[in-house]
Structures are given as C-alpha cells and as structure tokens.
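Worksheet: one structure, shown below.
Just so you know, residue 1 is the first one in the sequence shown, and it goes up from there. Each ligand, and each atom within it, is numbered from 1 in the order the structure gives.
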Amino acid sequence: MLGLSHELKYSGPIFDAHTHIIDTDVLQILVKIGTKYGVERSLLICHSLGAKEFAEKMYPGRFVLAKYIPSTLRFTENVDAIVREVKTLREEGYALAKMQSAPMMRGRVKVRPDVLKMDSVELDPFFEALADEDIPFLLHLSDPDTYYEKRYNDQNYFSSKKADLQELEGVVARHPEVKLQLAHFAAQPETGRLNELGKWFDRYKNFNVDMGSARWMVRELGKAASKSRSFLTKYAGRILFATDCVAYTPEIDYYEGRYKSLRLLLESDAKSVPLPFTDADTVDSGGTFINGLALSDSVCRKIYWENAERLYGH
Ligand SMILES: [Zn+2]
C-alpha cells in the first residue's frame, strides 16, 4: 500500500487514538503524514478551545475531540475547578476528557506525592461528574521505568512507580462506571509488568489502553517479542493504536518516525532495526531497536481500527 515499506502489510484504515494539537499551523502536517500511514480518524487532544474549533473546521469528521484538563488545577485551585471543566465539556463540543497527571506535574507545582491522589475520595466529585455526563476519560498517570530510575529522585515530589501504579489501579477499581482509556499501555509495557497488566484486564472491564509513545512501546514490547505478541493477541479487544504525536513542529521526520516505527512493531517481523529517531532513555546505552511482533491481520484490525470505532465512532 501507498509505496510504504514492503514490511507493512496491513491495508485497512487506522484510528490514531492519542494525538495532540498545540500549534494550529502544523496540524496539516500531522494529518498529511498520518494519512500517508493509513490514518483516517484520530482522537485529538486540544489544549485550547481555539485549537479545537480550528481542527473541527479544517477537518470535519476526522477527529474525536478531547478536552485537555490541566491536572495541576486541582492543586493550584481546587477540585471544584476540574469538576467545572467536566460540566462545560459537552456544550463546548468535546467528546471526552484528557488529563496528564504524570509525576512530573507534581514537580512542576511543587506538591507532595500524597496530596490529592487521583484515587482519593476528594477526587470523587470529578469522577461522578464524568459518570453523570457519560464522558470517557483518557488518563496518563505513570511513566516508563527509566524515568523513575533517572528523573524522579526528588522525594519531596515523587514516590515510586509501585505507588503510582497503585494510584492508577485505585482509579480503575473505584470508578467502574467511568469509561477509561489509560495512556501508554497503562504505563506497563515493560516485559516484567505484562502479567500484572493482564490481571487488571481480567479483573476490571471499564478500561482500555493506548499505545501512545512509539519509543516507549517499541523499546519495551520489542524486548520479548514473543511474549508481547501473545499478550497483544490475547487482549486485542482492549488495546488502541496511538502515537501521542503532538502537532507542534513542521519537522516531517518527527511524525514519520513515530508512525513508521509503531507500524513496524505491530505488523512486521523486523529484527533489530534501529528506531528512526533518538530515544533519550537509551542514547547512552546503545540505542533502541525495533523488533516486530508480526500480529495477525485480525488482531491488527482490532488494534488499528475496530476498538476505537466501537468506543468513539458514531
Ligand atoms: Zn499525550
């Protein structure tokens, strides 16, 4: 198809379930490169109402629009402030809410790790508002193991990945009525974490995961390709293709590298192909390589398209 690498065999439509718009001037580049790689629809996280209106006008019907709710609002104002963001979401024309509540956000506003955790009772009004309005919630809460090793050492703001995953599981367990999309494979694409993520899938039915962050997914899922292949095949109905591409730069290679490497990961049997862009987490330790999972066509179809259409199509 499309003169892409002969290793890309899937020829159906693709839904990219995690993209961002920051700069309206470069949205057309995200769309153009996505289209080249088969993307027909995307979930677009809008960082302003103006950006949302622009995207809707330029590409009617292409995007499922997510409202970015700053997680830091609950610290700098109060929980009511994020509840209000939910209450106005539908009338502003959004379909879902997105929150980035990764550990770095606590560092940014200098808040201790035990204050207003997402699974605390203080946050219940927020989740009740999502449930009342039947608004799906896309949540990024934890990060790669590499970040905890290298970046999250200041104990004033950061605890541990174990504690952050407990917080994330707490959200899933305490709010069965909220439809959740957990970003970045629920922060558990690392080989040693797949068994636990499988238990979550078996125990809780209210969440799906996305594959946002090509370098993180490629780096970790490719480390034990046959184990990952079995895992993605088993839970194919709960996994969404996603790049986490951010429309912020005119640099074509930025978008191209992410679409290409994720598609090679899923469809191909590539072995030790260098990631076509720099992975800051492995740049000093030999780099990141793509090892393809060679998923079947029917598994690809679910992950690339059917799951997202079922959740967000109309
Ligand atoms: Zn993102």
Can you confirm if the aromatic rings of Y248 and Y254 lie within a centre distance of less than 6.0 Å?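 Centroid separation for Y254 and Y248: below 6.0 Å.
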Within 45° of the six-membered ring axis of Y147 and under 6.0 Å from that ring's centre, is NZ or CZ of R151 located there?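 Because its charged atom sits under 6.0 Å from the ring centre and within 45° of the axis, R151 does stack over Y147.
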Going by the angle between their ring planes, with limits at 30° and 60°, are F63 and Y59 parallel, tilted or perpendicular?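 Geometry flag for Y59 against F63: perpendicular rings.
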For N/O/S atoms only: which one belongs to D244 and is nearest the Zn ion (ligand 1)?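 Among the N, O or S atoms of D244, the one closest to the Zn ion (ligand 1) is OD1.
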Minimum-distance atom from the Zn ion (ligand 1) among N, O or S atoms of H18: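 Relative to the Zn ion (ligand 1), the closest nitrogen, oxygen or sulfur of H18 carries the name NE2.
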Quick test of your reading of the model: are E256 and K260 salt-bridged, counting only N-O distances below 4.0 Å?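 Looking at K260 together with E256, the answer is no, because their closest N to O distance does not fall below 4.0 Å.
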For a distance under 2.8 Å, tell me if H140 has an N/O/S atom near the Zn ion (ligand 1).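 False for H140.
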